[in-house]
Amino acid sequence: MNPSISAMKGLQLVTSLRDRVLEGGRIDGEEALLLLELDGCDRFDLIAAANRIRVAFHGESVHLCGIVNAKSGSCPEDCAFCAQSARHMTDAPAYGLLDEEGIVSKARATAEAGAGYFGIVTSGRTLDSPGEFDTVLRSVRRIRTELDIEPDASLGCITYEQALALKEAGCARYHHNLETARSFYPEICSTRDYDDNVRTVRNAARAGLDVCSGGILGMGESPGQRIELAIELCDLGVSRVPINFLMPIKGTRLEKLEPLRPLECLSIIAVYRFLLPRLEISVCAGRDTLLRDLQSMVFFAGATGCMIGNYLTTAGRSVEADRQLLEDLEVEIR
Ligand code: SF4
């Protein structure tokens, strides 16, 4: 960190780092940490500066995406946050892969709600069965040809060959979260290596898929580990970063964690915007539950999109309420 930066405080710090980012420069982890620690009026200066960066790099409009939980529950992995792990006693539904018609009809409803992207998400470490993978490929082809929405997939860890098959079927992007910082990951998952996740991200990118990868914040990681995740994503060259805020689910290992406060969530979005100025940042799980009345500020804190409709195992708010929110904010949908 530049010594002159470490002597700065509040608005002066925010303005100096904002101008550097607007001029095409980067901030480092220590500088990001200073921003993440801001509170009071300084926090709102941070948010306003993140909004300037968002508009400079992405314009005023935002994107919406929706997902279908195409295969739910009974997962052998032990991700601490997840209601779908077979090691957790939760109310999450368990069912096998939906058929092609079931997936396409969910995509149609998501397109009609105004979203531009539709993710086919399945539980489990991989989607190994060829029959299941073929169902996803056929669904992707139909969504691509029949509907005005881009098909995405999130099928766990995939090989390069699977990524290529998805790309050839018309899949626009692959979603695979790193979940958290490398240094905190052993606290979250013991059945899969961090590098398995990194390999999947690289396989998708090598096959020419746009890569959407982020994580879940508020799982007990330190502020420094929140920054560490953003820097890892930046170095991996992903193009979209979904930010999820942990909603502790009864029956999971993290059920007793205190959720992040709304202003903490906004600070994280803003600092991610400083660290990742050119990347799309979507706010997904936790937007309505954790941010409550402050959710309308996610775009002004630097997000360029959000997920609408239901999440994987929990209900989101109504699409009508989200459309009204965007109308009131006078924000256009891409
Ligand atoms: S996050 Fe995915 S891999 Fe981990 S337990 Fe849940 S469904 Fe399984």
Side-chain angles (χ1 to χ4, degrees), residues 65-98 103 106 119-129 132-133 135-136 152-159 162-163 166 173-182 184-204 211-221 225 229 232-233 238 240-255 257 259 282 284-286 289 307 310-316:
C65 62
I67 56 170
V68 58
N69 192 0
K71 178 182 178 186
S72 181
S74 308
C75 178
E77 307 285 298
D78 72 348
C79 305
F81 56 85
C82 185
Q84 299 190 74
S85 168
R87 302 168 193 231
H88 292 149
M89 297 289 289
T90 70
D91 295 333
Y95 51 81
L97 187 68
L98 300 181
I103 295 172
K106 292 275 186 191
I120 303 168
V121 186
T122 57
S123 65
R125 179 192 178 89
T126 58
L127 198 59
D128 273 340
S129 142
E132 290 184 329
F133 195 73
T135 300
V136 172
D152 301 348
S154 180
L155 315 174
C157 294
I158 54 168
T159 62
Q162 287 176 313
L166 284 165
R173 77 189 43 75
Y174 197 74
H175 166 267
H176 190 79
N177 280 342
L178 297 185
E179 312 300 13
T180 189
R182 184 183 283 274
F184 189 64
Y185 189 77
E187 305 289 326
I188 297 302
C189 182
S190 70
T191 51
R192 196 175 65 227
D193 284 344
Y194 203 76
D195 282 323
D196 291 334
N197 297 328
V198 169
R199 208 169 297 115
T200 286
V201 166
R202 292 206 167 115
N203 286 340
V211 181
C212 174
S213 178
I216 305 169
L217 286 304
M219 297 198 291
E221 73 286 348
Q225 285 165 328
L229 172 62
E232 179 103 32
L233 292 165
V238 308
R240 278 171 199 269
V241 174
I243 293 182
N244 300 276
F245 298 111
L246 180 77
M247 299 184 285
I249 294 174
K250 193 163 178 288
T252 64
R253 270 198 284 141
L254 301 185
E255 69 172 319
L257 271 191
S282 297
C284 302
T289 318
M307 183 183 286
N310 291 338
Y311 306 115
L312 281 176
T313 61
T314 54

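Just so you know, ligand 1 is whichever comes first in the structure, and atom 1 is the first atom listed for that ligand. Counting from 1, the numbers follow the sequence of the chain as shown.
Applying the 4.0 Å criterion to heavy atoms of Ser123 picks out, from ligand 1, the atoms 7 (S). Listed by number with element, the atoms of ligand 1 under 4.0 Å from a non-hydrogen atom of Phe81 are 1 (S).
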Begin from the C-alpha positions of Asp78 and Ser85 and carry the test side chain to side chain donor-acceptor pair (under 3.5 Å) through to its verdict.
CA-CA 6 Å; Asp78 72 348; Ser85 168; over 6 Å; no
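Closest protein heavy atom to atom 4 (Fe) of ligand 1: Cys79 SG, 2.3 Å. Scanning the protein for heavy atoms near atom 3 (S) of ligand 1, the closest one is Arg192 NH1, 3.2 Å.
Each of Val136, Asp152, Ile120 was compared with Leu166 under the side-chain contact (heavy atoms from CB on, under 4.5 Å) criterion, and only Val136 meets it.
Here Lys250 does not pair with Glu255 in a salt bridge; the nearest charged N to carboxylate O distance is not below 4.0 Å. A salt bridge links Arg182 to Asp195: at least one charged side-chain nitrogen sits closer than 4.0 Å to a carboxylate oxygen. For the pair Glu187 and Arg253, the salt-bridge criterion is not met [side-chain N within less than 4.0 Å of a carboxylate O].
At a cut-off of 2.8 Å, Cys75 does not coordinate atom 4 (Fe) of ligand 1 through any N, O or S atom. Within the 2.8 Å limit, Cys82 places at least one N, O or S atom next to atom 6 (Fe) of ligand 1.
The closest approach between Gly124 and ligand 1 falls below 4.0 Å for a heavy atom of the residue.
Counting only N and O atoms by type, the side chains of Ser213 and Asn177 include no donor and acceptor under 3.5 Å apart.
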